[in-house]
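Quick notes on the structure that follows.
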Amino acid sequence: MDKNFDINNEKKIYKAWLDGGYFKPRTDFDANYSGENFSMIMPPPNITGQLHIGHALNNTTQDFLARYRRMQGDNVLWVPGTDHASIATEVKIIDALKKEGLTKQDLGREGFLKRAWAWNDKFGGRIYTQLQALGTSCDWSRCAFTMDEKRQKAVLKVFKRLYDEGLIYRGSKIINWCPCCKTALSDAEVEHEDEKSSFWYIRYPYADGSGYLVVATTRPETLFGDVCVAVNPEDKRFTDKVGKMLKLPATDKEIPLISDEYVEKDFGTGAVKITPAHDPNDYEVGARHGFTPICVMNLDGSMNEICGKYAGLDRMDCRKRLIEDLKAEGLIEKIEPYTVSKGHCYRCHTSVEPMVSKQWFMNMDDMAKQGLKVEEEGKVKIIPNRVAKIYRNWLNNIRDWCISRQLWWGHRIPAYYCDECGNTMVEESTPTKCSKCGNTHLHQDEDVLDTWFSSALWAFSTLGYPEKTKDLERFFPTSVLVTAQDIIFFWVARMVMLSGKIEGNIPFKKVLINGIVRDDEGKKMSKSSNNGVDPIEIIDKYGADSLRFSLLVGNGTGNDFRFSETKILEDRKFINKVWNAGKFVELCISQSGEASLDKNKLNIYDKWIYTKLNTAIVDIAKSMNNLDVCQAVSRMYSFVWDDFCDNYVELCKPYVYSQNPDERNHAVAVLKDVYFNILKMLHPIIPFITEEIWQNFNKTMLIGESYAKSIGKFKKEEEQVQKIIGLIAKIREVRLSLNVPVSKRISLVICKQTSEDDAQLVLSAADVLSKNVNIEKVEAQNDKREAVKFVCEIGELALYKDEVVDTEKERERLNKDLAKIESEMTLLASRLNNPNFVERAPKELVKKEKERYEFLNSSAQSIKKNLNNL
RNA sequence: GGAAGUUUAGCUCAGUUGGUAGAGCCCCUGCCUUACAAGCAGGUUGUCGCAGGUUCGAGUCCUACAACUUCCACCA
């Protein structure tokens with residue numbers, strides 16, 4: 001093995017895995033494979049650009065699970081894919097066109113789509129390259145794209161079915177309109193932000209000349225669409241005015257004053273202008289009173305011909321001009337500063353306009369109920385649980401989903417209209433004639449579907465729906481979905497609903513929510529802040545393993561997470577440690593003969609490390625079952641670094657360097673076995689380096705091995721070695737405190753008080769003590785030589801005074817020990833003297849504490865005696 | 001206007017059913033000891049946001065408060 005792992009080998013290793021077919025489910029090779037099915041669908045990244053560090057976290061988490069389950073013997077399927085991201089991609093392409101001085105109209109629908117597919121080839125491909133560099137072990141042979149042929153079929157099938165059932169319908173309703181993207185948006189696609197604006201108090205004169213009524217509004221420019229003014233029926237100020245006509249300012253129109261419960265007496269002036277075409281509430285009020293909405297805006301956000309001289313002005317310019325004009329006419333009562341919450345397009349951040357428009361909708365009522373039910377029953381488990389509350393809240397307040405978009409890039413709505421009789425047909429394949437009148441002149445709906453429509457089918461469309469495939473049968477519902485919190489509405493909830501509706505089942509059993517990745521200052525990474533990190537840059541510099549490990553270590557489930565290059569530098573030390581341990585094992589092997597592992601020859605240290613290994617594996621399994629990735633990783637870390645590298649490697653050195661070939665061969669065999677188990681343990685998180693090391697020793701591939709397994713657990717030996725480790729630490733401490741040079745070899749004395757068993761144990765550890773703390777010999781107490789005593793878990797021991805000297809240092813040390821022991825005794829005593837504790841605490845605990853107290857007490861006694869002797 | 005999360009060592013963060021506070025980095029001391037100086041052996045560092053409560057016992061459960069963050073919401 002070289003001095004360091006060469007990260008350039010990662011590509012070669014990935015190719016070997018790929019060529020070996022390791023990313024495919026075992027049932028692809030052996031239909032009778034009996035392992036449990038474990039499946040995941042990858043949240044498909046948008047083809048708008050390249051992956052960022054959040055994607056790296058998401059996919060590392062999934063890959064960690066996939067590789068772990070695979071090594072557990074599961075039949076693992078992980079399906080990768082990308083999303084066409086209708087509106088987001090279209091915005092990007094239009095931007096690109098703009099640089100060439102072109103618009104999408106210049107290209108025409110067909111030309112534009114050609115561009116879009118070329119875009120997909122370029123960026124979709126780049127995403128796959130990035131995922132591979134990260135080491136993702138997904139099954140590329142099943143790779144899906146939301147607009148590929150199979151997924152198109154699924155979309156058509158689902159659309160038709162829901163249309164036939166009346167759940168998808170077309171109608172005129174108030175929707176969110178983005179004047180920049182020129183399309184309708186769903187409620188979920190609107191982001192609300194507080195904006196500083198004004199509250200305009202406008203005078204609406206009574207038609208009969210009896211003064212005026214003051215109406216307060218935040219959107220004066222929509223007054224051209226006013227159909228009436230409303231007041232609360234209980235509001236006595238207006239009782240005698242209701243029914244009168246008002247002159248609509250800046251127009252020659254007259255509108256009535258009506259009353260409606262919706263109006264709040266105490267807000268504003270108590271009088272509200274009702275503009276049904278441009279406000280969801282007004283729409284309701286208008287409908288109740290039989291008014292027809294009047295649309296006053298064009299689709300680009302400019303005012304239309306209804307607005308007279310303001311026609312053609314952008315809505316904001318119109319507002320300015322209108323207010324000036326009204327002021328001049330004395331129709332502005334006052335203007336107050338006001339903060340309004342305004343909706344913005346989630347893609348281009350233009351402020352959206354509520355507008356009445358003819359769109360396609362999906363009725364979500366029953367599906368939402370089903371979605372709530374499966375979560376409440378625990379069939380779909382959301383981790384961490386708090387996120388489930390967000391999910392429930394949204395489903396409880398769900399409204400019909402606006403699914404049509406006035407875009408070109410996306411699934412075109414399979415609705416066809418007869419040019420003759422206007423009949424609407426929804427078909428999976430283009431009809432040739434009208435089903436009603438037989439006319440052959442038909443045209444297809446111009447709109448495409450919301451990009452999240454195809455995403456909602458992802459859980460089963462990726463497994464072959466609408467065909468009844470083996471994959472669907474085996475892998476649906478999927479096991480775990482790993483995703484981010486911000487798409488819980490867009491995606492997670494809708495997948496649950498559509499899977500329930502179409503497949504009559506849940507899409508996944510568990511949802512693991514990743515936190516948001518922030519930069520080292522805690523700021524959210526985003527393009528606008530320019531603090532995003534390209535995973536490829538990190539991988540090129542430090543290797544994929546370093547990135548993967550750093551993303552998962554210390555990252556609590558669902559918590560936001562700070563990422564920085566500094567953290568990578570800290571965390572990659574662990575990878576270096578694993579590599580160096582491998583070098584040690586290699587060295588030992590090269591210096592020993594062949595020996596197979598003989599369970600009967602295990603010494604206490606071997607038994608100790610196997611017990612530790614066993615515990616670690618059990619803990620890891622528990623954490624992995626709970627999807628507690630952070631805990632699993634930290635458990636791996638402490639076993640490898642603390643138990644194996646710091647302790648076992650040092651404890652086994654006398655044996656792997658032994659002059660006795662049998663002893664040496666055995667020791668190396670154990671060392672090798674434990675280390676190989678470490679490689680297996682770590683492979684799911686740092687697959688490249690572990691594979692590289694594994695192949696240095698083996699002809700097989702690590703990815704195909706089963707997970708780490710201990711050959712046993714040995715309670716007694718574990719305790720014994722724990723005592724020896726404690727003794728070593730104590731000797732180091734004493735040597736240091738007495739200023740005994742590390743290089744000086746000294747004797748260790750077993751005092752008479754020490755039990756026979758413990759004395760034997762210390763004697764048996766002579767080699768280990770020699771190697772670790774430079775103890776020349778271990779012997780029983782010799783009364784003729786003065787000794788410096790100390791106490792540890794294993795009993796009372798001593799060093800010869802003439803070998804270590806320095807009375808002052810010794811006194812200092814003993815006093816320090818005594819203080820420590822006494823403070824613990826005080827704590828225990830206060831507890832044991834409390835009758836409540838003795839009576840009510842578990843008996844085992846009370847007993848344990850009593851024993852501990854006794855032990856400390858006797859230790860304190862002997863330390864005091866030693867102090868006196870000084 | 002609702003709701004959620006966070007608050008633990010100088011910094012970044014772990015802390016599973018309540019049972020004597022942990023890691024990494026930083027800092028100090030001693031070591032280039034034949035796996036590893038991206039290291040080893042030691043050491044220092046905390047009224048676990050504030051105030052109550054439940055309990056023999058609370059970082060952990062309950063209540064109120066504060067600060068920060070986020071999500072949801074049609075009051076013109």
Side-chain angles (χ1 to χ4, degrees), chain A residues 1 3-4 174 187 192 199 215-219 230 262-264 266-275 279-285 338 340-341 343 354 384 386-387 389-390 393-394 397 485-486 488-489 515-516 520 522 524 553-556 558-562 564 566-567 569-588 619 622-623 626 628 630-631 633-634 637-638 641-642 645-646 649-650 653 657 728-729 732-733 735-737 739 741-743 771-774 823-824 827-828 831 834-842 845-846 848-849 852:
Chain A
M1 284 167 73
K3 187 166 191 316
N4 295 106
I174 194 148
D187 296 327
H192 290 268
F199 212 12
V215 169
T217 179
T218 56
R219 306 188 57 211
Y262 156 72
V263 183
E264 296 210 12
D266 303 327
F267 191 81
T269 61
V272 189
K273 66 195 242 353
I274 301 298
T275 322
D279 183 283
N281 290 311
D282 292 7
Y283 183 79
E284 302 287 324
V285 176
Y338 194 69
V340 285
S341 168
R386 61 186 156 80
V387 178
K389 289 178 191 165
I390 301 174
N393 183 50
W394 191 70
N397 296 297
Q485 201 179 122
D486 53 350
I488 194 121
F489 311 135
I516 296 166
D520 51 356
K524 193 170 165 177
V553 74
N555 183 357
N559 288 351
D560 286 0
F561 167 74
R562 276 184 207 212
S564 64
T566 319
K567 186 170 191 310
L569 287 171
E570 287 169 17
D571 295 333
R572 73 166 178 163
K573 290 180 179 180
F574 177 76
I575 291 161
N576 188 243
K577 190 77 176 171
V578 174
W579 180 261
N580 283 317
K583 275 168 43 184
F584 175 68
V585 174
E586 185 186 48
L587 177 79
C588 294
D619 290 348
K622 207 169 138 193
S623 298
N626 296 333
D628 192 341
C630 177
Q631 281 301 304
V633 173
S634 101
Y637 188 103
S638 69
W641 202 306
D642 303 342
C645 292
D646 283 355
V649 165
E650 296 308 320
K653 274 181 182 169
Y657 292 144
I728 290 171
R732 279 187 185 130
E733 186 194 322
R735 289 186 66 127
L736 200 70
S737 65
N739 277 345
V742 177
S743 56
K771 181 82 193 162
N772 284 276
V773 277
N774 220 0
S823 89
E824 195 183 337
L827 198 107
L828 287 175
R831 194 176 293 174
N834 179 351
N836 282 325
F837 173 74
V838 179
E839 279 165 34
R840 299 192 205 186
L845 185 74
V846 176
K848 210 174 117 195
E849 307 247 299
R852 177 80 186 156

Check: Can you tell me how far P of B:rG18 sits from CG of A:L845, to the nearest Å?
Finding: 14 Å
Check: Starting at CG of A:N834 and ending at P of B:rG57, how long is that distance when rounded to a whole Å?
Finding: 7 Å
Notebook entry, point to check: Has the side chain of A:N397 got a donor or acceptor atom that lies under 3.5 Å from a matching backbone atom of A:N393?
Noted result: yes
Next item on the list: Fill in the dot-bracket string of RNA chain B, one character per base: . for unpaired, | for a pair to another strand, ( ) or [ ] for pairs within the strand, taking Watson-Crick or G-U pairs under 3.5 Å.
Entry: (((((((..((((.....[..)))).(((((.......))))).....(.(((..]....))).))))))))....
Margin query: Can you classify the ring geometry of A:Y338 versus A:F199 as parallel (below 30°), tilted (30 to 60°) or perpendicular (above 60°)?
Written below: parallel
Margin query: If I take atom CG in residue A:L828 and atom C1' in nucleotide B:rG57, what distance separates them, rounded to the nearest angstrom?
Written below: 13 Å
Checklist line | Exam field: side chain A:D560 to backbone A:I516, donor-acceptor pair closer than 3.5 Å | finding: yes
Next item on the list: Using whole Å, report how far CZ of A:F267 lies from C1' of B:rA76.
Entry: 6 Å
Check: A:F489: what forms a ring-ring contact (aromatic ring centres under 6.0 Å, His included) with it, not counting sequence neighbours?
Finding: A:W394
Checklist line | Separation of atom CG in A:D520 from atom P in B:rC13, rounded to whole Å | finding: 11 Å
Check: Want to settle it: does A:P842 or A:D571 sit nearer the 5' end of RNA chain B, counting the closest nucleotide to each?
Finding: A:P842
Checklist line | N/O donor-acceptor pair under 3.5 Å between A:D282 side chain and A:T275 backbone | finding: yes
Check: Under 4.0 Å: is that the gap between some side-chain N or O of A:R562 and OP1 or OP2 of B:rU12?
Finding: yes
Next item on the list: Output the distance between atom CE (A:M1) and atom CH2 (A:W579), rounded to the nearest 0.5 Å.
Entry: 4.0 Å
Note to self: Judged by each residue's nearest nucleotide on RNA chain B, which is more toward the 5′ side, A:G554 or A:R219?
What the structure shows: A:G554
Checklist line | B:rG24 and B:rG18, which share atom name P, separated by this distance in whole Å | finding: 28 Å
Next item on the list: Write down the distance separating the C1' atoms in B:rU70 and B:rA76, rounded off to the nearest Å.
Entry: 28 Å
Next item on the list: In whole angstrom, give me the gap between the C1' atoms of B:rC31 and B:rU16.
Entry: 39 Å
Margin query: Taking B:rA67 as the reference, what is the distance to B:rC25 when you measure between their C1' atoms (whole Å, please)?
Written below: 26 Å
Margin query: From CD of A:Q631 over to C1' of B:rU17, roughly how many Å is that when rounded to an integer?
Written below: 14 Å
Next item on the list: Please determine, for the side chain of A:E570, which listed nucleotide (B:rG19, B:rA76, B:rC25) has the closest atom?
Entry: B:rC25
Checklist line | From B:rG19, B:rG15, B:rG5, nucleotide with atom closest to A:R386 side chain | finding: B:rG5
Next item on the list: Look at the side chain of A:R831 and the backbone N and O of A:F837, then say whether any donor-acceptor pair between them is shorter than 3.5 Å.
Entry: no
Notebook entry, point to check: Nearest to the side chain of A:F837 - B:rA14, B:rG19, B:rG24?
Noted result: B:rG19
Checklist line | Integer angstrom distance from the P of B:rG5 to that of B:rA14 | finding: 15 Å
Checklist line | Donor-acceptor under 3.5 Å (A:K583 side chain, A:K3 main chain) | finding: yes
Note to self: Please enumerate all residues that pass salt bridge (charged side-chain N to carboxylate O under 4.0 Å, His left out) together with A:K567, with sequence neighbours excluded.
What the structure shows: A:D571
Taking only N/O atoms, report every protein-nucleotides 69-74 of chain B pair under 3.5 Å with atom names and distance.
residue : atom : partner : partner atom : Å
B:rC74  : O2'  : A:N281  : ND2          : 3.0
B:rC74  : N1   : A:N281  : OD1          : 3.4
B:rC74  : N1   : A:N281  : ND2          : 3.4
B:rC74  : O2   : A:N281  : OD1          : 2.4
B:rC74  : O2   : A:N281  : ND2          : 2.4
B:rC74  : N3   : A:N281  : OD1          : 3.2

Note to self: Under 4.0 Å, counting only non-hydrogen atoms across every strand here, what does A:N626 touch: a base, just sugar-phosphate, or nothing?
What the structure shows: nothing
Next item on the list: Under 4.0 Å between any heavy atoms, over every strand shown, what does A:Y283 touch: base, sugar-phosphate, or nothing? Just pick one.
Entry: nothing
Notebook entry, point to check: Separation of A:E733 atom CD from B:rG43 atom P, in whole Å?
Noted result: 6 Å
Next item on the list: Look at all strands and tell whether A:K567 reaches a base, only sugar-phosphate, or nothing, counting heavy atoms closer than 4.0 Å.
Entry: nothing
Next item on the list: Write down the distance separating the P atoms in B:rC61 and B:rG15, rounded off to the nearest Å.
Entry: 12 Å
Next item on the list: Sugar-phosphate means primed atoms, P, OP1 and OP2; the rest is base. With that split, encode nucleotides 27-41 of chain B 5' to 3' as B, S or - using protein heavy atoms under 4.0 Å.
Entry: --------BB-BSSS
Next item on the list: Select base, sugar-phosphate, or nothing to describe what A:V263 touches, counting heavy atoms under 4.0 Å on all strands.
Entry: base
Note to self: Between B:rG39 and B:rC32, how many Å separate the two C1' atoms, rounded to a whole number?
What the structure shows: 9 Å
Checklist line | Euclidean distance, A:C630 SG relative to A:F561 CZ, rounded to 0.5 Å | finding: 9.5 Å
Checklist line | Under 3.5 Å donor-acceptor, A:N580 side chain and A:N576 backbone | finding: yes
Check: When you measure from the side chain of A:D279 to the backbone N and O of A:N281, does any donor-acceptor pair fall under 3.5 Å?
Finding: yes
Next item on the list: Would you please name every residue forming a side-chain hydrogen bond (donor to acceptor under 3.5 Å, both in side chains) with A:E650, sequence neighbours left out?
Entry: A:K653
Next item on the list: Rounded off to whole Å, could you give me the CD-to-P distance for the A:E264 and B:rC75 pair?
Entry: 11 Å
Check: Rounded to the nearest 0.5 Å, what separation is found between the CG atom of A:L828 and the CZ atom of A:R852?
Finding: 7.5 Å
Next item on the list: Determine the interatomic distance between C1' on B:rU54 and the same-named atom on B:rC62; round to the nearest Å.
Entry: 7 Å
Margin query: At 4.0 Å (heavy atoms only), tell me whether A:E284 reaches a base, stays on the sugar-phosphate, or touches nothing.
Written below: nothing
Check: When all nucleic acid strands are considered with a 4.0 Å heavy-atom cut-off, which category describes A:P384: base, sugar-phosphate, or nothing?
Finding: nothing
